[in-house]
A.B. asks: 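I am attaching a structure below and will ask some questions about it afterwards.
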Amino acid sequence: MKTIHNLGFPRIGAARELKRAQESYWAGKTGLDDLLATGRDLRARHWNIQARAGAQWVPVGDFAWYDHILEWTTLLGAVPARFGQADDAPVGLDTLFRMARGRAPSGTPAAACEMTKWFDTNYHYIVPELHPGQTYRIARESLFEQVAEAQALGHRARPVVPGPLTWLWLGKGDAYTAGAGDTAKLDLLPGLLDVYEQVLRRLASQGVDWVQIDEPILVLDLPQAWREALAGVYGRLASQGPNVLLATYFGGVGHNLDVVGALPVQGLHVDLVRAPDQLASVLATLRDGQALSLGVIDGRNVWRADLDRIHEQVREAAARLGDRLWLAPSCSLLHVPIDLGLESGLDNELRSWLSFAVQKLDELRLLRVLVDGEADGADLQALAAARRAVLDRAASSRIHRRDVAERLAASVSVRRDRAPFAQRIADQQARLGLPRYPTTTIGSFPQTPEIRALRRDWRAGALGDAAYEKAIREEIERVVRFQEEIGLDVLVHGEPERNDMVEYFGELLAGFAFTAYGWVQSYGSRCVKPPLIYGDVARLAPMTVGWSAYAQSLTDKPVKGMLTGPVTILQWSFVRDDQPREQTCRQIALALRDEVQDLEQAGVTVIQIDEPAFREGLPLRRGDWAAYLDWAVDCFRLTTSGVRDDTQIHTHMCYSEFNDIIESIAAMDADVITIETSRSNMDLLGAFEAFAYPNDIGPGVYDIHSPNVPREEWMVDLVRHAARRLPAERLWVNPDCGLKTRGWPETRAALQAMVQAARMLREAA
Ligand code: GLN
Ligand code: ZN
């Protein structure tokens with residue numbers, strides 16, 4: 001029998017038990033014992049699922065209280081000085097929580113560590129803080145305890161450990177750059193490896209036969225010094241007792257195979273979903289006795305696998321390697337929802353196309369049956385069902401819409417150009433008559449409990465359509481009157497009808513489905529439930545025109561129409577895997593294009609298309625950037641280019657750096673871009689300045705994440721600072737981002753101050 005195994009299981013629990021337990025512990029409602037018991041229960045349950053599916057080992061160490069990188073950072077004792085950790089004491093759970101969130105039930109609050117996105121996923125890890133001369137030690141016992149816990153339950157435990165190079169790569173410090181191959185970081189390796197060796201030897205003494213060491217950075221472009229470091233690192237780690245399975249994922253290792261293939265590790269895992277082409281070269285470099293684990297079940301998406309195709313894909317490797325060939329998901333299942341079995345709301349057809357973590361393990365089991373050629377009656381039935389689902393999905397009329405295909409084909413000749421910016425902005429100015437330093441907001445206004453209740457009741461059927469519409473209109477009117485009263489120049493309707501900026505549109509577009517329990521961890525206790533894009537995307541009816549037209553009818557000031565852009569909708573959904581992402585994105589763009597034009601028709605003169613996830617979509621390797629940027633920009637232009645020259649197109653991006661993508665930002669050619677800048681003291685403007693960015697720009701003048709009310713002088717200073725770097729007549733005055741998480745009192749005060757700041761700037765000009 002072939003070996004099947006898993007790289008990691010989602011830790012949150014099918015009912016988000018981990019979230020509830022952590023939040024309740026943080027709030028002081030429950031104690032540490034309850035929290036620890038929840039963790040134990042979840043681990044036991046998840047190990048069981050994996051063992052029942054026939055996994056050779058259960059992963060241990062994939063469970064984490066907040067984040068698995070933070071778990072490892074604390075195990076290494078790499079706790080920043082501000083948390084007051086004694087050098088010789090174990091690191092307590094509350095210290096881990098303080099590092100993640102700044103505070104915990106015990107211990108002095110301190111500034112939390114930074115958090116950032118894990119490769120190209122929507123998972124966020126806590127950035128390790130490094131400093132020259134940093135020392136490491138085994139400072140937490142949890143990994144060893146969990147190994148013992150799994151063993152006591154009768155499982156073969158395989159610890160999962162972040163690799164030393166990946167851990168350093170992700171780390172940052174005053175002397176080092178985060179998430180980059182800063183060569184100076186390699187000075188920390190010797191001390192780090194001493195502790196890795198101690199960990200491996202302790203695991204060996206616990207009877208552990210294999211350890212999985214994750215080095216996802218091996219799929220990136222690595223500086224030579226990092227590539228050279230590999231041999232020394234794995235020479236040491238592979239000789240401490242346990243066999244080492246070096247796991248790579250999220251891409252191919254082909255470009256690093258000259259060094260990776262020479263490492264003395266006992267096993268190598270590669271991602272064949274993202275990089276199927278690497279199989280031949282990996283097979284060619286595999287040494288005698290080395291195990292090869294092929295990641296063939298997609299750990300990043302929710303579709304049921306085509307097992308026959310995978311069987312074909314691995315057939316030769318299976319014949320050549322025999323027992324040395326292992327089969328696995330492409331990466332940890334952390335990035336997919338847990339159990340499709342809970343989704344009673346999905347129709348049977350759609351459901352038959354899907355596979356979540358629990359189902360993926362069962363697919364793996366079936367795949368083994370297929371590869372081994374030893375199917376029994378029940379397996380044959382399951383295989384038949386799997387094959388039928390794949391065929392049905394490929395042929396379903398719910399997926400393939402003639403109208404969409406035809407429109408997409410015709411869209412190559414749709415013009416993406418508008419008149420030159422100078423002409424457009426003059427036309428727009430003639431129509432809108434805005435003052436210098438125009439003021440606006442990013443879209444949402446406070447989402448009060450009353451507004452949330454309205455939407456909830458309406459969805460539940462407790463509130464009728466007419467009553468709901470009336471209530472939302474009243475809220476829109478309140479927001480419009482408020483903005484008029486404080487003197488904003490370009491208004492918004494406030495987005496009270498939106499639960500979420502992607503879900504709102506997904507629910508109104510053909511081709512999208514929604515789960516009830518499809519939660520995926522985003523960070524800490526926070527989970528998201530991404531929509532599923534299963535079929536051709538089409539707009540069935542106008543989505544925002546009614547609300548926007550109503551808002552515009554209330555006032556003579558321009559009210560911005562507000563849409564989520566195609567790239568962001570794509571990026572924050574599970575996307576179909578039967579056509580390129582680019583094609584799905586173009587379908588969304590075409591649907592939005594119609595909405596943009598309908599808004600214009602309805603008298604809306606300013607339309608904002610939010611693209612906060614534009615930068616997130618960048619591929620992991622530089623060489624792939626150009627192609628992505630090309631179609632991402634094209635989708636934005638496809639969305640926006642159908643309007644008159646005197647209709648003003650805005651876009652908005654947050655949490656983004658622009659230096660290396662400024663050319664593409666300019667190519668999007670939005671009339672106005674608003675960005676988050678206040679926290680970086682306008683540093684992000686550097687890219688726009690250096691590029692001599694030609695269009696209008698609204699650098700955020702206050703941080704919306706904080707309830708603090710910004711001072712007028714401070715905002716005036718920020719804008720003056722910006723005006724030294726960019727032409728003053730191109731500048732807008734706006735907050736960093738939407739206001740939906742804020743309360744009304746601080747929103748009122750902050751926006752009043754902001755408008756006052758703009759007035760001061762105008763008077764001084
Ligand atoms: N228009 C959205 C809002 O104001 C933008 C949100 C975002 O950038 N993430 O809420
Ligand atoms: Zn934003």
Side-chain angles (χ1 to χ4, degrees), residues 117 122 124 439-448 451-452 455 472 475-476 479-480 482-483 488 490-506 522-523 526 528 530-531 543-544 547-548 551 558-573 592 595-596 599 604 606-617 636 639-640 648-658 665 668 670 672-680 684 697-706 732-744 746-747 750-751 754:
K117 279 165 66 72
N122 276 326
H124 300 71
T439 52
T440 191
T441 64
I442 306 305
S444 55
F445 268 80
Q447 291 245 339
T448 57
I451 295 174
R452 291 175 201 280
R455 286 198 310 262
I472 293 290
E475 176 62 21
I476 290 174
V479 168
V480 167
F482 164 75
Q483 295 172 90
L488 280 155
V490 174
L491 314 190
V492 296
H493 78 288
E495 305 178 28
E497 77 287 12
R498 299 184 194 178
N499 36 353
D500 170 277
M501 62 187 292
V502 171
E503 193 171 344
Y504 178 79
F505 291 94
S522 171
Y523 63 88
R526 205 175 134 90
V528 295
M543 304 180 284
T544 63
W547 302 125
S548 280
V559 182
K560 281 194 275 195
M562 192 63 59
L563 306 174
T564 302
V567 175
T568 298
I569 291 182
L570 186 83
Q571 206 51 38
W572 291 349
S573 303
L592 291 171
E595 185 75 10
V596 168
L599 282 168
V604 175
V606 182
I607 302 169
Q608 176 171 315
I609 291 105
D610 289 323
E611 283 289 25
F614 187 85
R615 189 189 168 90
E616 269 177 46
F636 186 83
T639 304
T640 53
Q648 188 163 72
I649 298 290
H650 288 218
T651 190
H652 166 72
M653 295 186 192
C654 34
Y655 327 115
S656 183
E657 280 190 37
F658 298 96
I665 303 297
M668 290 167 74
V672 183
I673 181 171
T674 55
I675 60 172
E676 185 223 293
T677 37
S678 75
R679 279 194 291 184
S680 73
L684 292 174
I697 175 164
V701 294
Y702 77 87
D703 177 13
I704 55 86
H705 297 94
S706 149
W732 287 61
V733 175
N734 47 262
D736 267 349
C737 191
L739 302 164
K740 67 169 166 245
T741 57
R742 294 270 58 91
W744 266 108
E746 75 251 23
T747 296
L751 290 178
M754 189 187 85

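For the numbers below, each heavy atom of this structure counts, side chains included, while hydrogens, waters and symmetry mates do not. When a ligand or atom number is given, it counts from 1 through the structure's own listing order.
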A.B. asks: Do Ile609 and His650 touch side chain to side chain, with heavy atoms closer than 4.5 Å?
C.D. replies: no
A.B. asks: Ignoring angles and geometry beyond distance, decide whether His652 reaches within less than 3.5 Å of ligand 1 through its nitrogen or oxygen atoms.
C.D. replies: yes
A.B. asks: Evaluate the ring planes of Phe445 and Trp744, with Trp represented by its six-membered ring, and classify them as parallel (under 30°), tilted (30 to 60°) or perpendicular (over 60°).
C.D. replies: parallel
A.B. asks: Any side-chain to backbone donor/acceptor pair from Ser444 onto Lys740? Under 3.5 Å, distance only.
C.D. replies: yes
A.B. asks: Quick check on contacts: which atoms of ligand 1 are under 4.0 angstrom from a heavy atom of Lys740?
C.D. replies: 10 (O)
A.B. asks: If you measure every N/O of Asp610 against every N/O of ligand 1, is any gap under 3.5 Å?
C.D. replies: yes
A.B. asks: At less than 4.0 angstrom from any non-hydrogen atom of Gly738, what atoms of ligand 1 do you find?
C.D. replies: 3 (C), 4 (O), 10 (O)
A.B. asks: Between Ile442 and ligand 1, does any nitrogen or oxygen pair lie at a separation below 3.5 Å?
C.D. replies: yes
A.B. asks: List ligand 1 atoms under 4.0 Å from Met562, heavy atoms only on the residue side.
C.D. replies: 1 (N)
A.B. asks: Protein N/O/S atoms under 2.8 Å of the Zn ion (ligand 2)?
C.D. replies: His652 NE2, Cys654 SG, Cys737 SG
A.B. asks: Once you restrict to heavy atoms under 4.0 Å, what part of Ser444 touches ligand 1? Side chain, backbone, both or neither.
C.D. replies: both
A.B. asks: Run the numbers for me: atoms of ligand 1, each under 4.0 Å from some heavy atom of Gly443, listed by number.
C.D. replies: 4 (O)
A.B. asks: Report, in ascending order of atom number, the atoms of ligand 1 lying under 4.0 Å from any heavy atom of Cys737.
C.D. replies: 7 (C), 8 (O)
A.B. asks: Identify the closest protein heavy atom to atom 6 (C) of ligand 1: which residue and atom is it, and at what distance?
C.D. replies: Met501 SD, 3.5 Å
